Amino acid sequence: RYKTMVTPRRAAVAIACCWIVSFLVGLTPMFGWNNLSKMRRTQEPNGSHTPFVIKCQFETVISMEYMVYFNFFVWVLPPLLLMLLIYLEVFNLIRKQLNKKVSSSANDPQKYYGKELKIAKSLALVLFLFALSWLPLHVLNCITLFCPSCQTPHILTSIAIFLTHGNSAMNPIVYAFRIKKFRTAFLQIWNQYFCCKTNKNGAAAATQEGN
């Protein structure tokens, strides 16, 4: 049913929805859920006439309630646990099918499920890298929110933030190395848009049209 359900139009709508939700969740602090009002309240009792200056650091301007309750408990942890359960079920079903096909000595179905297993492992690796990249920052945020007296080293926070940004660069590499179709597509995009190389088939078609 995959080819009938996953049409290019539905895929485009799903991708657009993901980007819209990501923008809304990521830009929520700019809409007002931040530490600006809290910092102003702490400065007003001092009666200082110096200009209001914000120290632009992650834990200073970003609300930990937003990062923990909204970002982590709503948009990171539930999808992560759900995907983990789905992949466990996928691996369990593929293992059962492979055992059936091996016992019945059928080669073609075994090859098919072997290919499915390889793809599932690649996607599971992406999920593992996502958890490895994002959980350290959210654990530090939970410590900051639930244990205000605990002091976390600034270098650890910087490393955790770097990991979250680096996760976006990991996925294309994993896809390219593990899945042939992705590798072919990435090479085609790279050659066409970054190396200014045109496809030979496209160049030949353009030559025929010109003639």
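What you see is a predicted model, and the numbers here were worked out from it, not measured in a lab.
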Please list, one pair per line, the donor and acceptor atoms closer than 3.5 Å that link side chains of residues 83-93 to other protein atoms, with sequence neighbours excluded.
from	atom 1	to	atom 2	distance (Å)
Asn92	OD1	Arg95	NH2	2.8

### Task
Let me see the working for Asn71 and Val76 under side-chain contact (heavy atoms from CB on, under 4.5 Å), right down to the final yes or no.
CA-CA 6 Å; Asn71 200 324; Val76 175; 3.7 Å; yes
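- Enclosure of atom CZ in Phe73 by more than 12 non-hydrogen atoms of other residues, nucleotides or ligands within 6.0 angstrom is indicated.
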### Task
Evaluate side-chain contact (heavy atoms from CB on, under 4.5 Å) for Val61 paired with Leu36, printing each intermediate quantity in order.
CA-CA 7 Å; Val61 297; Leu36 180 61; over 6 Å; no
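- Listed by chain and residue number, Trp33, Phe70 satisfy the ring pair (Phe, Tyr, Trp, His ring centres under 6.0 Å) test with Tyr66 (two or more places apart in sequence, or in another chain).
- Under the 4.5 Å side-chain heavy-atom criterion for ILVMFWY residues, no single connected hydrophobic cluster contains both Ile173 and Phe130.
- The distance from the NZ atom of Lys38 to the OG atom of Ser63 is 6.0 Å, given to the nearest 0.5 Å.
- When every heavy atom of Lys121 is checked against every heavy atom of Arg178, the shortest pair comes out as CB-NH2, 3.6 Å.
- Both Leu135 and Phe146 are members of a single hydrophobic cluster when ILVMFWY side chains are connected at heavy-atom separations under 4.5 Å.
- By the criterion of side-chain heavy atoms lying less than 4.5 angstrom apart, applied directly or through intervening Ile, Leu, Val, Met, Phe, Trp or Tyr residues, Val68 is not grouped with Leu140; the two fall into different hydrophobic clusters.
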#### Entry: Candidate pair Val74 and Tyr69, rule side-chain contact (heavy atoms from CB on, under 4.5 Å), full reasoning
CA-CA 7 Å; Val74 176; Tyr69 294 122; over 6 Å; no
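- Met67 and Ile143 sit in two unconnected hydrophobic clusters of ILVMFWY residues. Membership requires side-chain heavy atoms under 4.5 Å apart, directly or through other members.
- Rounding to the nearest 0.5 Å gives a distance of 10.0 Å between CG of Asn171 and CZ of Phe182.
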### Message
Between Leu137 and Leu163, does the side-chain contact (heavy atoms from CB on, under 4.5 Å) criterion hold? Intermediate values first, please.
### Response
CA-CA 8 Å; Leu137 177 63; Leu163 283 175; over 6 Å; no
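- Pro29 approaches Asn34 most closely through the heavy-atom pair O-ND2, 2.7 Å.
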Show which side-chain atoms of residues 151-159 pair as donor or acceptor with protein atoms under 3.5 Å away, not counting sequence neighbours.
from	atom 1	to	atom 2	distance (Å)
Ser158	OG	His154	O	3.1

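- Residue Leu125 holds its CG atom at 10.0 Å from OH of Tyr175, rounded to the nearest 0.5 Å.
- Side-chain contact between Ile62 and Asn35: absent, with no pair of heavy atoms (C-beta onward) separated by less than 4.5 Å.
- Phe72 and Ile161 fall within a single hydrophobic cluster, where Ile, Leu, Val, Met, Phe, Trp and Tyr are joined by side-chain heavy atoms under 4.5 Å apart, directly or via other members.
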What pairs of donor and acceptor atoms, side-chain ones from residues 12-19 against any protein atom, are under 3.5 angstrom apart with sequence neighbours left out?
none

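- Closest approach of Thr28 to Leu24, counting heavy atoms only: OG1-O, 2.6 Å.
- One distance of note links CG of Leu132 with CG of Asn167; it measures 9.0 Å at 0.5 Å rounding.
- Once rounded to the nearest 0.5 Å, the distance linking CG of Leu82 with CG of Leu77 reads 11.0 Å.
- Contact between Arg10 and Thr4 at its shortest, heavy atoms only, is NH1-O, 3.8 Å.
- Nearest heavy atoms, Pro136 versus Ala131: CD-O, 4.0 Å.
- With sequence neighbours left out, Cys147 forms a disulfide bond (SG atoms under 2.5 Å apart) with Cys150.
- Cluster partners of Trp190, using a side-chain heavy-atom cutoff of under 4.5 Å among ILVMFWY residues and allowing indirect links, are Ile189, Tyr193, Phe194.
- Note that the CZ atom of Arg183 and the NZ atom of Lys180 stand 7.5 Å from one another [nearest 0.5 Å].
- The heavy-atom pair separating Ser133 from Thr164 by the smallest distance is O-CG2, 3.5 Å.
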